[in-house]
Amino acid sequence: MAVARLPTMTAALSLLGLSALWPVPAAAQDGGYFSPTYASSAQGSPYRDVYSRTFGSATAAPEALQTPRAAAPVAASGPAGEVVFVIDSKGLATYRADDYAGGRGDAIARGAVPPMPETATIAGAVPQVPTVADNLYLRPPLETAGPDERLGRTVSRTAVFERFQSGRRALAEAIAALPQADAVSLPLLGPEAIEALIADSQSLRYRPARPVIGEGDKRVWQDCEVSCAVPDDGALAACAAALDAAFTDALALLTPPPLTEGFAVNDLIVQRYPKGSGGITPHRDHIAYRGLISVITLSGRCRFAVCRDRSGAEARAVAAPPGWLVLMRGPGLYGRTDRPFHFVDRFETSGLRPETAMRTDDFDFDLPRALIAQHPIEPRETARLLHVGPVLADRTIADLPRLLRPGDLLVINDTKVIPARLTGTRGSSGIEVTLHKAVDAGTSARTWKAFARPARKLSAGDRIVFAEDFGAAVAEKGEGGEVTLVFDEAGSDLLAALDRHGIMPLPPYIKRDSGGDPQDREDYQTVFAERAGAVAAPTAGLHFTESLLAALEGAGIDRVAVTLHVGAGTFLPVKTDDPAAHRMHSETGEITRDAADRINAVRAAGGRIVAVGTTALRLLESVAADDGTVTPFVGDTDLFILPGHRFKAVDLLLTNFHLPRSTLFMLVCAFAGKARMEAAYAHAVAEQYRFYSYGDACLLEPARRGQLETAHGTINTPAFMTVGTAATVKGLTPDQVRESGAEILLANTYHLMLRPGAERVARLGGLHRFMNWPRPILTDSGGYQVMSLQELRKITEEGVTFRSHLDGERHALTPERAVEIQELLDANITMVLDECTPYPATEAEARESMERSMRWAARCHKAFTVRPGYGLFGIVQGGVYPALRRASAEALIEIGFDGYAVGGLAVGEGQAVMFEVLDATVPHMPATHPRYLMGVGKPADIVGAVARGIDIFDCVLPTRSGRTGQAFTRRGSVNIRNARHQDDARPLDPDCPCPTCTNYSRAYLHHLFKAKEMLGPILLTRHNLAYYQELMAGLRQAIEDQRLDDFIAAIRERALALGFDAVGFARAEVAPDAAAALKEFLAAGYHGEMDWLARNAERRANPKALWPEARSVVVLGQNYGPAEDPLALLDEPQRAAISVYARNADYHDLMKKRLKALARWMHEDLAAGVKVFVDTAPVMEKHLAQAGGLGWQGKHSNLVSRALGSWLFLGEVYTDLEVEADRAESDHCGSCRNCLDICPTDAFPAPYKLDARRCISYLTIEHKGPIPLEFRKAMGNRIYGCDDCLAVCPWNKFAQPTREAAFLPRAELTAPRLADFLDLDDAGFRRLFAGSPIKRIGRDRFLRNVLIALGNAGNKAPAKAIEALLNDPSALVRGAAVWALLCLLPQEAVARLRSRHAAAESDPGVLDEWARLDS
């Protein structure tokens, strides 16, 4: 066999940055030879350079690793034959194909493959550092140590990885300079690339080695097989030529012609691995390298292509052969339009990550049965509607006309449900059948597929009689109870018979008597049902009424009908473990030519396609082309949509809430993102939405991703604007700002008005030329200075008069002058002049300010000069008052602007209030225009605002922080001035590609700031800007991936997998009212003997006082709900009532173990700083839990959860990660007083206030002395804790018994007899309560409680055992024994005991107990 000459292989490796660390064998160097079979057979070998074999000849392995091997028995000149290479634990063997296939397995040649070592020396052999060509990431599986002759130093795994990454960066930079073209292809090394090249000339089959995760960092590698039919010389020569040409083309890309001005490209996301992953699981974070638009293949398939062009031009699609990376160049991935702003509605990038096997269990959730709707609500349009858009919003179906846009098109399913459930007999046996699909479609249909019960009683040929004049024959019997029935009647006669004898085929979760409910014939039919044939309703359509349809038409929202006859199998749960193995029952559908034309016309005009129900969506997606074009269709579809599906035809989806583990829940997860839908369903459960067919609905709207076209270039949103207030970013050149990835700069009207003056800038060619910034510019109008320079300005209706902060000169800024200045500056985006409302402000002050801003906005609009590539943005004001914000947005929309900003936030109100204002404001801002949140720049604030539908941001934070020594990293912020960095050789962020991180250590940066060298602020500013642009690129990619919330979802998923039952995220702060309540609690002395509460009050009220690095808190809940009513035991006075939480293991131990496991994972996989706390630490856990959405602090002062009632243990992981907080839970106690009224000791002086000194839990656990007399009778038989106030909470109706074995009650602690505890000595007590929380109070306090309970029980039987305790060493026990005997025995008997024991008693407390005999 000849071998391929490949003169450019070394150059290609150099291109990838690997030539020094990944040498090519001598025979494959430039001018040498390279065999495709070498690349294939080496895959899976622990060393790249060990084997290079060709059929009939062998190239030499590196000298240090050569091993004797038998010569191949077939001569090189012999006929072509097939050879199989097998790499296994024994080595590499070469087999004849016929021998191997026949099972003889005699090796032609075998060379021993050295085992994969824990360490290896690079000298002599290079450890395998395979690239996964599909995903552009590197897995270095070995730690390598030892001298490297080529590099002259010891090389570690990190060095290998860094070299690879630097090569990738060089490649990205080179490709960034490419000229416009359609597409170029760059081959990547590996058998898949070779397979693509020689697919036409030979057959190549490849099964790669698959890594199997073992314990710890150990990996087991399964066998790897490669087989190829040896081609003839002509085919091989063609392969060699193709390889050579491809590499030559790749190298030619490095010397492109000059870049065309205005050319813009999107981003390439390069996956990286976390520490310790061994390369198996990719990191959830991504590094964004600007300059590449990539279409990446996975598993030999092109995973996505170019989206449609909204301008109506023919859409471009790219097909990629396996193993090839396709680099797109040109005017933009999505095409351009004349509209100033349009959206990338959907873009599948699942190829960026290796596919992980989905499990059906991943789509399971718990649903209280009480939420399953049994009847529809009337009137229908009053049903609740959960809008899953930028935020979760609770609305009603009647709100649809306001939620949709004029020009949108509703696609409804006009199928009509037939009464498809029949009962009949076969002989004497009763049979029930449910029809689910007509076999012979058309007007003469008589044959149907049906599910029969009991199917075992049926055979082919049997006849089922449904009525005297109505029957069917069993033509065929299938699996799962399915039968084929041939009816006596056909077509309309059959439908009439079904109408007479059938009942509506309601799903099994809707409970009806055997005869059904006649009302369902009307209720289970949509208002637009016309074409009979469905056996289940398209349930989203059940919400529509004639009045709602009229309102939609009046709002400019049209509708078109398609038909899909819904089958019974559509809604069934998936029963296979692997959802991909599930098969849908096919259903018959039709899209008429008129319907297809109307759908395509709406899409071409920029309207959105809104599918009413999953049935309409599935039909559209079954026939849609890649560009979304819908074609006429008549036939069957069995489309099963799973996450990863690229939706082509549908923009929004209206659908009901679906069953767990069902195909439809999987579909909505695919459409809107699994984490989003899990959050939406959790919200729906908590808010008591009604589920399933007769239930409420949700409107699913994908996250926003857009492009803003200007005269100076394109802005990809979400976008962060770097602030260059005075036409400069302090310390950086414009080129350095561009290198950070910034696409737009912000400058300030007020400051440029003062100097150098707008007219001067205009004379010098405008701001772009003046500051050498060719990209877009937005100018702030000066409204912020209206607030910040209060002492230097005066506001009138005409405008604002400023006294210059530079020289005191007066300047008038009117709305007209503000627009004029910005036009002189040549700003691409002009902002209206507004009054930035300060915080706090009264509603009257905010209203006056907002209304003035609206009048100024109208004047700005009139003064603005409309021209292509330039726009004017209005600013929504109104303080923190939702009604004012809505009024402001509506007033601006009435005027009409090119974009809309939200002003007056990030002025001291805090993140929680800011998000509340956004939640109330964004829904009233046009979805078709860009939205700008002014002055907001904390990373967590940006992420939260993007999730709420904001597109553009600006803030001085990254630049100002850089000048003062604060850097933002993926692991949180770093204060480089801290002394701990003075000897730190690490970069600021090891995963950041910016010049600061790649060239300088933390120690050097620390030195620069301590020495007050100007280079320090410059380097930190460069890094911060790069970090912010990477954050925005990651957010854009996350929106395209439908995984915006993956980061939070990852922590939540891991916590639930560890066994926690509730997970929430809160800011590392305690609300002022909570801190004030703690202070009041302590001042009143309600804490009793718990002095540690007072000692740690400051740290308890401020999480950052406990750990200054804390930014966020992961709040975890563990359910310990009892299976039985704990209050029932109070009626058995002879038995001990032990609090539910203390009947088994100490929950602190289990919680800490799981908290530490979660924290360890967060640290290792997310590089997070973490601290773990349970309730023994100074943490206001209930307030944090409420802030994190787990529940609310009830009137009994404990946490109440709508899902788990009052039975929740809490723990926290403090982290330095910036994580968006969950929506805080609100109080749902209402007027209920159950917990207050049941308290036997009146421990609640007021709702939400607990006097612990009166609480039985405190008295039996924390109190060290005798129980005060006034509480003893009230204790009853409670000997450890008290559950009364918890147990009577009405929210416990949603609670579930704990599934945690450690919390299930031990037999000896479930209703134990009180008297059985009397003989416990200290050793016995410790043995009995080992591992139990009861152990902490000690034997003496425990017996004190037992004796009080025995005194209350009134049973004299234990009196002798109690009498023995009058001699107990503990005065606490002796005193309690006296009291118990006083309760149980006659006075004379107690007097005799006193005469024997009191004389020897020295303890005053015990003597006081004896003295009670005389009272």
Side-chain angles (χ1 to χ4, degrees), residues 369 371-385 397 412-423 432-438 448 450-451 453 466 494-549 561-572 585 587-589 611-616 618-619 654-659 662-664 689-698:
R369 297 187 65 84
L371 298 185
I372 301 175
Q374 298 299 307
H375 296 277
I377 195 168
E378 295 293 344
R380 299 294 183 93
E381 60 263 38
T382 61
R384 299 175 71 188
L385 177 68
I397 292 291
I412 55 100
N413 185 358
D414 66 358
T415 189
K416 186 175 183 179
V417 184
I418 60 175
R421 184 164 296 156
L422 298 165
T423 57
E432 179 183 278
V433 298
T434 301
L435 310 184
H436 73 83
K437 184 177 186 294
W448 279 76
F451 295 114
R453 292 192 310 171
F466 302 111
L494 175 57
L495 293 179
L498 290 173
D499 194 57
R500 290 193 305 272
H501 304 294
I503 61 175
M504 293 300 275
L506 298 180
Y509 46 75
I510 297 179
K511 302 303 180 183
R512 295 289 186 268
D513 295 334
S514 58
D517 183 345
Q519 182 62 35
D520 288 321
R521 292 209 171 204
E522 179 180 342
D523 290 346
Y524 201 55
Q525 209 73 269
T526 68
V527 69
F528 21 71
E530 289 186 2
R531 306 180 64 183
V535 299
T539 55
L542 296 178
H543 301 288
F544 287 79
T545 63
E546 294 294 348
S547 60
L548 176 59
L549 292 175
V562 297
T563 305
L564 185 71
H565 293 312
V566 188
T570 297
F571 305 101
L572 296 178
H585 291 279
E587 296 162 323
T588 300
V612 178
T614 56
T615 58
R618 288 178 54 241
L619 183 58
L654 177 71
T655 183
N656 281 21
F657 294 95
H658 302 293
L659 279 72
S662 66
T663 61
L664 299 186
Y689 274 70
R690 302 162 71 248
F691 274 63
Y692 304 166
S693 300
Y694 279 156
D696 298 316
C698 54

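Computed over heavy atoms, backbone and side chain alike; hydrogens, waters and symmetry mates excluded. Note that the structure is predicted; figures quoted are calculated from it, not measured. Numbers for residues simply follow the sequence, beginning at 1.
- For the atom pair OG1 of Thr588 and CG of Leu564, the computed distance is 8.0 Å after rounding to the nearest 0.5 Å.
- For Arg380 (side chain) and Leu542 (main-chain N/O), a donor-acceptor pair under 3.5 Å exists by modelled atom type.
- For the pair Gly695 and His543, the tightest heavy-atom approach, listed with the atom from each and the gap, is O-CE1, 2.9 Å.
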For Ile510 and Tyr692, what are the C-alpha separation, side-chain angles and deciding distance, and is it a side-chain contact (heavy atoms from CB on, under 4.5 Å)? CA-CA 9 Å; Ile510 297 179; Tyr692 304 166; over 6 Å; no
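- Atom CZ of Arg384 is separated from atom SG of Cys698 by 12.5 Å, given to the nearest 0.5 angstrom.
- Looking at every heavy atom in both residues, Ala373 comes nearest to Arg690 through CB-NH2, 3.4 Å.
- The two residues Tyr509 and Gln374 come nearest to each other via the heavy atoms O-NE2, 3.0 Å.
- The two residues Pro419 and Pro505 have their closest heavy-atom pair at CA-CD, 4.3 Å.
- Remark: side-chain polar atoms of Glu432 are not paired, donor with acceptor, to backbone N or O of Arg421 under 3.5 angstrom.
- Looking at every heavy atom in both residues, Ala450 comes nearest to Val433 through CB-CB, 4.5 Å.
- Between the OG1 atom of Thr423 and the NE2 atom of His501 there is a distance of 10.5 Å, given to the nearest 0.5 Å.
- Closest approach of Tyr689 to Leu385, counting heavy atoms only: OH-O, 3.6 Å.
- Taking OH of Tyr694 as the reference point, atom OG1 of Thr539 lies at 10.5 Å (rounded to 0.5 Å).
- Looking at Glu587, its side chain does come within 3.5 Å of a backbone N or O of Gly567 through a donor-acceptor pair.
- Taken to the nearest 0.5 Å, the CG atom of Asp696 stands 6.5 Å off from the CD1 atom of Ile377.
- Proximity of a side-chain donor or acceptor of His565 to a complementary backbone N or O of Thr563 within less than 3.5 Å is not detected.
- A side-chain contact (heavy atoms from CB on, under 4.5 Å) with Asn413 is found for one member of Val566, Leu619, Val612 and no other, namely Val566.
- A tilted orientation is assigned to the rings of Phe691 and Phe657, their planes being inclined by 30° to 60°.
- When the shell of 6.0 Å around CZ of Arg500 is examined, it contains more than 12 heavy atoms from other residues, nucleotides or ligands.
- Defined by atom type and a distance below 3.5 Å, a donor-acceptor pair is missing between the side-chain atoms of Asp517 and Tyr524.
- Counted within 6.0 Å of CD on Glu522, heavy atoms from surrounding residues, nucleotides or ligands total 12 or fewer; the atom is thus considered open.
- A heavy-atom distance below 4.5 Å is found between the side chains of Pro538 and Thr526.
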Val535/Phe451 under side-chain contact (heavy atoms from CB on, under 4.5 Å): CA gap, chis, key distance, verdict: CA-CA 12 Å; Val535 299; Phe451 295 114; over 6 Å; no
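- At a threshold of 4.5 Å between non-hydrogen side-chain atoms, the residues Thr415 and Thr615 do not count as touching.
- A side-chain contact (heavy atoms from CB on, under 4.5 Å) with Leu664 holds for exactly one of Asn656, Thr614, Leu659; it is Thr614.
- To the nearest 0.5 Å, atom OG1 of residue Thr434 and atom CG of residue Leu422 are 8.0 Å apart.
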